[in-house]
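Below is one structure; the comments refer to it alone.
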Amino acid sequence: MTATDVQPVYVRRLLMDAQPAPITMTGPIGWLRANLFATPLNTALTLLSILLIAWVVPPFAKFLVIDATWVGVDRDACLPSATRPEVGACWPFVRERFAYFIYGSYPVAHRWRVDVFFALLAVGVVWLLWLKAPRRDLGAFYAFVVLPIVSFILLRGWPLLGLPTIETAYWGGALVTIVVAAVGIAVSLPIGILLALGRRSRMPAVKLLSVIYIEFVRGVPLITVLFMASVMLPLFVPDAWSPDKVLRALVGIAMFASAYMAEVVRAGLQAIPKGQYEGAMAVGLSYPQMMRLVILPQALKITIPNIVNTYIGLFKDTTLVSIVGMFDLLRTIEAARIDPKWATSVTSATGYVVAAIFYFTFCYMMARYARYTEARLAKSDRR
Amino acid sequence: MSETMQPVETPKARRGGPKMQTTTNEIAVDIVGMHKWYGDFHVLRDINLQVKRSERIIICGPSGSGKSTMIRCINRLEEHQQGRIVVDGVELADDLKKIDEVRREVGMVFQHFNLFPHLTVLDNLTLAPIWVRKMPKREAEEVAMHYLKRVKIPEQANKYPGQLSGGQQQRVAIARALCMSPKIMLFDEPTSALDPEMVKEVLDTMVELAQEGMTMLVVSHEMGFARQVADRVIFMDAGQIIEANEPKEFFAHPQHERTKLFLSQILH
């Protein structure tokens with residue numbers, strides 16, 4: 001037996017104060033170590049990313065800025081010449097056709113109506129999404145009741161008010177894209193919620209109808225739905241009744257998005273523990289009260305990332321309306337890029353860059369908003 | 001039939017007056033020949049139980065014996081297939097209105113609290129009074145604060161359930177049930193999910209409630225609590241009531257072999 005210092009009884013006499021963290025964990029060095037070079041794999045990925053950036057960014061910068069044409073009145077400015085063998089983006093083309101990208105063939109004299117619509121829509125979006133905005137209940141009323149009615153009158157026109165009717169055939173560009181996306185987004189969530197509740201209903205008829213709807217629409221490509229809405233519908237109803245082309249596409253998109261939304265919401269509903277339903281029932285809440293006050297607020301909260309994901313998909317799917325003859329943003333760019341006045345080897349690429357910037361901006365904003373709400377939820381979960 | 005002749009009492013009148021003994025009906029819960037199946041599995045077999053007003057009943061038994069299922073039948077969280085359950089003079093059947101009526105009068109406390117995590121403590125408490133009892137918000141908040149004081153956590157009113165300890169959450173859950181001024185309280189293993197340090201604070205709250213004359217059915221293995229407050233202890237096994245007795249006799253002289261075995265396992 002050797003004598004050891006280990007004693008069976010130990011009582012701490014002095015409590016230790018908290019010490020500052022070592023320098024390798026704080027400051028810029030700590031940040032680099034934690035985020036870029038934490039492990040060998042991390043280091044390798046960091047280096048790889050740097051290489052990738054070095055490989056991709058310069059050609060883009062060269063095309064978009066360095067070699068780009070900035071002034072000109074027609075295709076001649078964007079043609080390669082002996083003095084300019086490398087030609088980049090043709091920005092004069094974009095500048096000249098920009099209004100067409102935004103408004104399509106909407107009459108020039110009435111384009112202010114579209115501008116007002118964009119402004120009203122922006123107000124509604126901010127009012128709804130800014131969580132600390134005043135009177136958000138009023139905001140919801142504005143966004144879901146006032147805005148659709150006013151926008152319809154404004155865009156379509158109401159001669160009695162001095163707003164001449166402008167047929168939807170003239171609508172185009174970003175206007176169509178945004179209208180289709182906004183309606184799809186606003187309509188798909190409530191209908192999706194109803195379908196999700198229907199699918200989980202204990203009433204067999206409601207459940208069956210919901211399942212049939214969801215599975216049928218999900219089982220068919222969006223293009224098919226749009227074709228059916230725009231080509232087959234007129235075959236069955238007299239010409240006079242035939243709904244407007246934009247309206248048909250809107251219904252098609254909204255139907256399609258609702259089915260997907262229903263499945264997203266259903267996943268959220270299933271993630272809510274059974275105890276929440278029981279707790280709500282035990283205090284005497286009725287089924288609608290339980291859903292509205294207890295289950296849906298929690299289910300929708302955890303579903304926000306997936307809802308936004310569906311919205312992003314929907315936003316990009318709006319490009320498919322061009323197949324049924326509508327001039328959405330992408331279609332206007334398509335039309336403009338083959339215009340002989342501007343046709344050069346770089347015009348198409350320039351137009352597509354504009355489309356990419358447009359779609360990326362909107363989708364990325366949606367993604368960022370989802371991240372922001374997620375972060376907020378993560379914080380409230382930690383409470 | 002004579003019951004139907006009595007004046008119908010409104011919830012409002014009841015809230016104003018004393019909580020107990022407002023009806024002449026002395027039986028709070030009457031279960032007669034009740035059976036329940038989960039698919040082919042016969043979980044509850046021939047349950048007969050009468051609970052008088054202000055009676056405190058502790059239900060114990062091995063896990064899977066059907067204790068929880070039985071009390072969950074009383075507020076229709078579970079459906080029974082045979083027999084009768086009459087709660088406060090209302091028979092539970094498929095009639096949704098009757099079910100809602102019963103649930104308004106029966107409070108329930110769960111093993112895992114089942115508080116609403118997205119609402120503050122105060123909102124948890126006022127939700128049902130506002131939406132079910134149609135109580136004005138101010139009044140509901142006053143009632144809620146009253147019960148929060150009674151369970152000794154008024155200072156937590158504006159926190160979220162996730163910020164509270166298990167014992168505090170369970171006390172909030174008790175207060176939430178009390179805010180509906182229930183005539184009967186069901187407790188489904190209220191202390192089983194708690195850290196040992198927190199069991200006492202919850203049991204103390206329940207003892208107080210018992211002393212005030214609340215009709216209580218408690219599924220619990222807290223034998224000290226049973227001794228202290230129970231009028232009757234019921235032992236269940238294999239979906240049946242095996243033995244029921246007043247606590248002293250129950251613990252001192254269990255009759256059935258199964259009861260003896262069970263008690264020898266849990267009392268050491």
Side-chain angles (χ1 to χ4, degrees), chain A residues 131-132 135-137 140 193 197 200-207 265 267-307 372-383, chain B residues 11 68 71-72 74-79 94 96-97 99-120 123-134 158-164 169 172-173 175-182 185-188 193:
Chain A
L131 298 170
K132 290 187 195 98
R135 294 303 304 269
R136 294 186 68 221
D137 52 336
I193 290 173
L197 293 178
R200 285 169 61 85
S201 167
R202 294 176 72 179
M203 287 177 278
V206 174
K207 184 174 178 162
V265 174
L269 288 174
Q270 273 166 346
I272 302 300
K274 209 167 149 240
Q276 291 294 308
Y277 291 87
E278 292 179 348
M281 286 191 276
V283 291
L285 295 179
S286 64
Y287 175 84
Q289 289 172 336
M290 169 174 83
M291 282 301 165
R292 189 160 55 90
L293 301 167
V294 176
I295 305 300
L296 279 175
Q298 298 184 61
L300 292 181
K301 252 186 196 176
I302 54 173
T303 325
I304 285 175
N306 291 333
I307 292 176
Y372 155 71
T373 53
E374 263 178 88
R376 220 179 116 262
L377 290 177
K379 224 192 267 168
S380 65
D381 281 345
R382 245 183 283 128
R383 69 198 167 200
Chain B
S68 294
I71 68 163
R72 287 155 60 87
I74 295 174
N75 67 349
R76 193 69 167 193
L77 288 184
E78 303 282 355
E79 213 174 301
D94 288 330
L96 284 175
K97 267 195 184 139
I99 294 172
D100 284 343
E101 207 176 312
V102 166
R103 284 181 182 158
R104 280 197 292 270
E105 306 305 334
V106 178
M108 185 153 191
V109 175
F110 299 87
Q111 180 177 2
H112 296 289
F113 330 133
N114 295 357
L115 294 174
F116 309 132
H118 62 301
L119 300 177
T120 63
D123 289 338
N124 263 276
L125 266 61
T126 55
L127 188 73
I130 288 174
W131 291 94
V132 181
R133 292 264 192 243
K134 311 290 177 208
N158 293 313
K159 289 196 183 161
Y160 286 89
Q163 293 169 295
L164 306 185
Q169 290 193 46
V172 171
R176 179 175 74 179
L178 291 177
C179 279
M180 286 292 282
S181 314
M185 285 282 286
L186 308 174
F187 293 84
D188 187 3

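Hydrogens, waters and symmetry mates play no part in the numbers below; they use all other heavy atoms, side chains included. Lettering of chains follows the sequences in order, A, B, ..., and the numbering in each one begins at 1. These numbers were taken from a predicted model, which means no experiment stands behind them.
Most heavy-atom pairs under 4.5 Å with chain A, from the set B/Leu77, B/Ile99, B/Asn75: that is B/Leu77.
Around NZ of B/Lys134, the count of heavy atoms belonging to other residues, nucleotides or ligands within 6.0 Å exceeds 12.
Looking at B/Phe116, the atoms closer than 4.5 Å to chain A (heavy atoms on both sides) sit in the backbone and in the side chain alike. Residue contact with chain A, scored on non-hydrogen atoms closer than 4.5 Å, involves the backbone of B/Leu115 exclusively. Residue B/Val102: no heavy atom, backbone or side chain, is found under 4.5 Å from chain A.
Contact record, A/Gln289 with B/Val132: OE1-CG2, 4.0 Å, taken as the closest heavy-atom pair. Nearest heavy atoms, A/Gly279 versus B/Phe110: CA-CE1, 3.8 Å. Closest heavy-atom contact between A/Val283 and B/Met180: O-CE, 3.5 Å.
For B/His118 (side chain) and A/Lys301 (main-chain N/O), no donor-acceptor pair under 3.5 Å exists by modelled atom type. The main-chain N or O of A/Gly275 is found under 3.5 Å from a side-chain atom of B/Asn114 such that the two form a donor-acceptor pair.
The shortest side-chain heavy-atom distance between A/Gln276 and B/Pro117 falls under the 4.5 Å cut-off. With a 4.5 Å cut-off on side-chain heavy atoms, B/Trp131 and A/Met290 do not count as touching. Residues A/Val294 and B/Leu127 are in side-chain contact: their nearest non-hydrogen atoms beyond the backbone lie under 4.5 Å apart.
Separation of atoms NZ (B/Lys97) and OG (A/Ser286) is listed at 12.5 Å; rounding is to 0.5 Å.
Sorted by first then second residue, the salt bridge (Lys or Arg N to Asp or Glu O under 4.0 Å) pairs that include residues 267-282 of chain A, not counting sequence neighbours, are A/Lys274-A/Glu278, A/Glu278-B/Arg72.
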